[in-house]
Protein chains: 2
Amino acid sequence: MGRRSDHTRDELRALLIAHGSALMAEQGLAKFSGREAAKRAGYSVGTIYNVFGSLDQLIAAINSHTFSLWAEHLRARLEGAPDDRIKALVEGYFDFALAHPNLWSAIYDHRLADELTEHDQEQRAVLTAIVENEVRAALPDPDMPGADRFARSLIATVHGHCSYVVSGTFELLDEPDPVGNALARVRECIAAQRG
Amino acid sequence: MGRRSDHTRDELRALLIAHGSALMAEQGLAKFSGREAAKRAGYSVGTIYNVFGSLDQLIAAINSHTFSLWAEHLRARLEGAPDDRIKALVEGYFDFALAHPNLWSAIYDHRLADELTEHDQEQRAVLTAIVENEVRAALPDPDMPGADRFARSLIATVHGHCSYVVSGTFELLDEPDPVGNALARVRECIAAQRG
DNA sequence: TTTTTTAATTGAACAGTGTTCATTTGTCGG
DNA sequence: CCGACAAATGAACACTGTTCAATTAAAAAA
């Protein structure tokens, strides 16, 4: 088969990301296969290299897509619990990761040799922005200098706890309530920002 | 070549771990090759399966070995700075990871299908125990209930920050001082344990 | 000591992987 | 209608993990 035009370039991108994402969710990064992803999309291996330049860039795009799903999940959870928004964020962070462990892990297990696309970076920045806004609002002084850096430090804090849950480290250490721990640490740090 | 006896079982284990660890440090988990590791140790692929049962178990053993190096690094750093021991721990956590990013990442990027060996678990628990002791000592009340769980929560906190550094996430977000952030969070949480 | 049994080591075989690229075949501007 | 371009293919290559019959040395038994 030679040239087709079943899909535009953008449709093809979306198609490969969608099927790639499904495969990633099923198999995880370690067992992910470009050939299989292409086959499911109805194309052959080479097409990945035409469209994304490399398999790694397809995986990066899949991961960026996961970020979008995740951001949407957080937004929905914030909407459903307008009282304690920090709690909603922390719980939303965890339950997305636990609902989609393979997708979530792939984000952090994948190491890209070259840099992320502009598009990928923007897609990923959305989640960070959501958290930055909420943390700022929860701060004793929302205009505190370095509020955004502080917010990202809190993300890292929650991330560490979540990472231990998904990797099984906490299970090994018989930790009964990792989410509660993460939330407690976040609250302590926010409280410490007064004065 | 048939049966040899150049090495005892334990020597062979150590040999494969040593060469595997060197390869892991050079190439990282994604490009790690069992064949290559075996070749460097002077044996053939099959030997890995004889000794460890599976390639994944060899990788688990390599990672446990990394934990030992890491614990030793922390001990040395604690010895060199007996005044601010929490700072020594946090900095020690980071600079081991940054000195050996491939070894460090392999620990968290590798997902074992079956469970860890007793031996592997013990080897890994050493690092946790060191931190638990130090955190306990730094606590307003060292006999606080749940001190160990709290210590592990702090480890998760530092881990999250470190993970973001090694994966490049923080670099992307222009964070100038991730270690400082981690240390600040840890201090805030410890201080919050009084009362 | 000689023979038998047992255990360790190999490497070919298999099914899969990522990556490249000559070849084919639609699409489109002139 | 045709030539130029672009997209899709899949065979080829060098690798991967995993299995396992065959080989050979060590240990046990005779």
Side-chain angles (χ1 to χ4, degrees), chain A residues 1-24 26-63 102 106 109-114, chain B residues 1-24 26-63 102 106 109-114:
Chain A
M1 207 190 314
R3 179 167 184 162
R4 295 154 48 180
S5 54
D6 304 354
H7 304 97
T8 68
R9 222 84 231 286
D10 284 354
E11 284 172 343
L12 191 43
R13 267 191 73 86
L15 203 64
L16 285 167
I17 291 173
H19 285 90
S21 185
L23 179 60
M24 187 69 83
E26 290 171 23
Q27 304 284 0
L29 180 59
K31 293 184 183 170
F32 183 86
S33 151
R35 273 190 166 81
E36 176 64 20
K39 185 195 283 184
R40 290 189 183 196
Y43 283 80
S44 72
V45 226
T47 298
I48 290 174
Y49 291 82
N50 292 339
V51 176
F52 292 93
S54 72
L55 185 67
D56 273 347
Q57 287 291 354
L58 167 58
I59 294 173
I62 291 170
N63 289 341
N102 283 337
D109 292 352
H110 183 239
R111 252 152 275 276
L112 194 52
D114 35 347
Chain B
M1 207 190 315
R3 179 166 183 163
R4 295 154 46 181
S5 55
D6 304 356
H7 304 98
T8 67
R9 223 80 229 287
D10 284 354
E11 284 172 343
L12 191 44
R13 266 191 73 86
L15 203 65
L16 286 167
I17 290 173
H19 286 90
S21 186
L23 179 60
M24 186 69 83
E26 290 172 24
Q27 303 284 0
L29 180 58
K31 293 184 182 170
F32 183 87
S33 152
R35 274 190 166 80
E36 177 64 20
K39 184 196 283 184
R40 290 189 183 197
Y43 283 79
S44 73
V45 226
T47 299
I48 290 174
Y49 291 83
N50 291 338
V51 176
F52 291 94
S54 72
L55 185 65
D56 273 348
Q57 287 291 354
L58 166 59
I59 294 174
I62 291 169
N63 288 342
N102 283 338
D109 292 353
H110 183 239
R111 251 152 275 277
L112 194 53
D114 35 346

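Numbered from 1 within each chain, the chains take letters A, B, ... in sequence-line order.
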Reference residue A:His19; test side-chain contact (heavy atoms from CB on, under 4.5 Å); the match among A:Ile17, A:Leu23, A:Leu15
A:Leu15
Is the shortest side-chain N to carboxylate O distance from A:Glu26 to A:Arg40 below 4.0 Å?
yes
Would you mind checking if A:Arg111 and B:Asp109 are paired as a salt bridge, meaning a charged N to carboxylate O distance below 4.0 Å?
yes
To the nearest angstrom, how far is [X] atom [atom1] from [N] atom [atom2]?
X	N	atom1	atom2	answer
A:Lys31	C:dA15	NZ	P	18 Å
A:Lys39	C:dG18	NZ	P	12 Å
A:His7	D:dT9	NE2	P	11 Å
B:Phe52	C:dA8	CZ	C1'	15 Å
A:Ile59	C:dT19	CD1	C1'	13 Å
A:Asn50	C:dT19	CG	P	14 Å
B:Glu36	D:dA14	CD	P	17 Å
A:Arg9	C:dT27	CZ	P	15 Å

If I take atom CZ from residue A:Phe52 and atom OG1 from residue A:Thr47, how far apart are they, to the nearest 0.5 angstrom?
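If I round to the nearest 0.5 Å, the distance is 11.0 Å.
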Within a strict 4.5 Å, meaning less than it, do heavy atoms of the A:Phe32 and A:Asn102 side chains meet?
no
Specify the residue among A:Val51 and B:Ser54 whose closest nucleotide of DNA chain D lies further upstream toward the 5′ end.
A:Val51
Quick check on [N]: is either OP1 or OP2 less than 4.0 Å from any side-chain nitrogen or oxygen of [X]?
X	N	result
B:Thr47	C:dT10	yes
A:Arg4	D:dT9	yes
A:Ser5	C:dG26	no
B:Ser33	D:dT16	yes

Nearest heavy atom decides the nucleotide; on that basis, is A:Gly46 or A:Gly34 closer to the 5' end of DNA chain C?
A:Gly34
For A:Tyr49, report the nucleic acid contact type (base, sugar-phosphate, nothing); a contact means any heavy atom under 4.0 Å.
base
Is it the case that D:dG17 (base atoms only) and B:Arg35 (side chain only) share a donor and an acceptor within less than 3.5 Å, ignoring hydrogens and angles?
yes
